[in-house]
A.B. asks: 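This is the structure, below, for whatever I ask next.
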Amino acid sequence: MNAGLRWSSHPAACLHGEVRVPGDKSISHRAIMLAALADGSSVIDGFLEGEDTRATARAFTRMGVRIDAPSSARRIVHGVGLHGLRAADGPIDCGNAGTGMRLLAGLLAGQAFDSELIGDASLSRRPMLRVIEPLARMGARITASTAGMPPLHVHGKQSLQGCLHEPAVASAQVKSAILLAGLYAQGTTEVRETQPTRDYSERMLAAFGWPIEFGSGWARIEGGHRLRATDVKVPADFSSAAFFLVAASIVPGSNLLLRGVGMNERRTGLLSVMRMMGADIVEEARRQQGGEWVADLRVRHAPLRGIDVPVSLVADMIDEFPVLFVAAAAAHGQTRVTQAPELRVKESDRLAMMARGLAALGVHIEEHADGALIQGGRIAAGQVESAGDHRIAMAFCVAGLIAEGPVAIDDCSNVATSFPGFVELANGCGFVIRARGAVCGSSRG
Ligand code: S3P
């Protein structure tokens with residue numbers, strides 16, 4: 001990991017052309033996991049070649065699953081069946097990926113062997129009790145540091161029992177960890193959510209032939225079935241597209257087409273919010289692809305106005321707040337974000353990092369315990385930190401497009417966790433992102 005990768009993002013004339021952002025991260029993680037546990041071989045197309053999802057694939061290779069990579073963004077996973085994994089020969093490194101670690105915790109809780117899950121510095125500070133506690137209620141034994149953080153020791157040979165869960169936090173990772181443990185549990189495992197979250201695990205379990213009932217905010221499965229190999233087509237990641245949606249909205253004269261973007265309604269909260277702010281984003285060629293809706297998104301520049309972000313949309317845009325803050329800084333008037341305390345426990349404390357960075361660029365922003373108040377207007381040149389958070393780094397690249405001068409961003413290496421090739425793709429449609437210092441200006445694939 002090259003923590004020293006530094007970029008500067010410069011004011012740009014206008015953005016235009018067509019862009020296809022890489023595959024969806026959430027779906028790529030889940031596709032590897034379910035294909036590994038299935039009977040037979042599954043082909044995954046559109047797989048995200050990011051560090052997070054590659055770490056998940058590596059975890060399964062180390063547990064005895066053969067995964068071929070015949071070309072970029074394609075994986076052929078030779079499943080070993082529900083009980084075919086074997087212990088890795090040491091700790092499993094999940095890198096920067098909260099999704100990888102939390103879902104693996106659930107899945108490994110049902111195995112006949114012990115596992116240790118470790119991660120990088122950021123992941124090692126993220127809360128794990130949210131999965132450890134519900135899994136313990138099913139009979140799992142998982143230990144963490146005294147503060148409830150990684151590394152996680154997952155003790156095998158436990159007999160799991162299905163039960164009803166009503167998680168306090170709205171989290172698809174928690175729900176998915178519980179459902180994956182539920183594959184190995186006796187009886188029924190059910191999750192009821194206060195706020196519905198992305199349902200990729202549910203949809204993919206159904207696609208792999210596991211009997212599952214689910215609807216908005218609830219899911220119910222029984223243990224004791226098998227997964228059947230299935231090919232998966234991964235749509236372009238809405239969260240990666242989000243940087244371009246905001247960028248083209250705020251740079252005058254822009255007209256961009258984003259191809260094949262995943263439109264799962266539990267992911268597209270930012271689209272609704274941007275439209276409420278006045279954005280001109282049109283869905284073209286809406287279609288089904290592998291059980292998910294995808295569309296091409298045409299985005300043209302439009303003046304934005306500040307809004308109060310509806311609380312009901314927070315979970316549906318949980319990864320998009322860094323770039324929404326930039327849209328808010330570019331908008332006319334105030335934007336208020338409330339009831340989003342989860343932003344403090346993402347890859348960084350995103351409320352703190354965005355408040356600090358925007359303030360360094362002369363934006364008036366009040367940081368609150370669970371949100372922020374942003375006064376739109378001008379964005380000055382300046383220097384910001386990303387705290388090694390991929391989405392903070394990319395959000396400030398978007399800010400640089402309309403700043404009064406260059407925005408210098410430190411610590412950009414982790415953009416490769418979710419968006420390999422970001423700089424090349426962005427510069428190809430009109431961004432001006434340059435490397436600072438000796439290191440080359442590309443996110444690594
Ligand atoms: C994810 C769920 C979200 C999101 C993360 C990916 C998933 O996390 O922030 O980037 O794939 O399930 P939470 O479930 O913790 O909100």
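For reference, positions follow the sequence shown, starting with 1. Any value given below was found using the heavy atoms of this structure, including those in side chains, with hydrogens, waters and symmetry copies removed. Counting starts at 1 for both ligands and their atoms, in listed order.
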A.B. asks: Please determine if K25 has a nitrogen or oxygen closer than 3.5 Å to a nitrogen or oxygen of ligand 1.
C.D. replies: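 K25 vs ligand 1: no N/O contact under 3.5 Å.
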A.B. asks: Can you label the angle between the F419 ring and the F244 ring as parallel, tilted or perpendicular, going by 30° and 60°?
C.D. replies: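 Tilted, since the angle between the ring planes falls between 30° and 60°.
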A.B. asks: Within a 6.0 Å radius of atom CD on Q186, are there more than 12 heavy atoms belonging to other residues, nucleotides or ligands?
C.D. replies: no
A.B. asks: Are R228 and D39 close enough for a salt bridge, meaning some N to O gap below 4.0 Å?
C.D. replies: no
A.B. asks: Can you spot which of E292, R267, H29 makes a side-chain hydrogen bond (donor to acceptor under 3.5 Å, both in side chains) with Y200?
C.D. replies: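 Considering E292, R267, H29, a side-chain hydrogen bond (donor to acceptor under 3.5 Å, both in side chains) with Y200 is found only for R267.
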A.B. asks: Quick one: CG on L256 to SG on C429, what's the gap to the nearest 0.5 Å?
C.D. replies: 4.5 Å
A.B. asks: Do D114 and R141 meet the salt-bridge criterion of a basic N to acidic O distance under 4.0 Å?
C.D. replies: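 D114 and R141: not salt-bridged.
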A.B. asks: Among all protein heavy atoms in this structure, tell me which lies nearest to atom 6 (C) of ligand 1, with the distance rounded to 0.1 Å.
C.D. replies: T99 OG1, 3.3 Å
A.B. asks: Should you measure from each heavy atom of A172, which atoms of ligand 1 turn up under 4.0 Å away?
C.D. replies: 12 (O), 14 (O)
A.B. asks: Is there a heavy atom in K346 that sits closer than 4.0 Å to ligand 1?
C.D. replies: yes
A.B. asks: I'd like to know if R54 pairs up with E51 as an ion pair, taking the criterion as any Lys NZ or Arg NE/NH1/NH2 lying under 4.0 Å from an Asp or Glu carboxylate oxygen.
C.D. replies: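 Between E51 and R54 there is no salt bridge, as every charged N stays at least 4.0 Å from the carboxylate O atoms.
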A.B. asks: Compute the minimum heavy-atom distance from H29 to ligand 1 and say whether it is under 4.0 Å.
C.D. replies: no
A.B. asks: For atom 10 (O) of ligand 1, what is the closest protein heavy atom, and at what distance to 0.1 Å?
C.D. replies: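 So the nearest neighbour among protein heavy atoms is D319 OD2, 2.9 Å.
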A.B. asks: Measure the distance from atom 14 (O) of ligand 1 to every protein heavy atom, then report the residue, atom name and distance (to 0.1 Å) of the closest one.
C.D. replies: S171 OG, 2.7 Å
A.B. asks: What protein heavy atom is closest to atom 12 (O) of ligand 1, reported as residue, atom name and distance in Å?
C.D. replies: R30 NH2, 2.6 Å
A.B. asks: Only heavy atoms of I318, strictly under 4.0 Å: list the atoms of ligand 1 that pass.
C.D. replies: 9 (O)
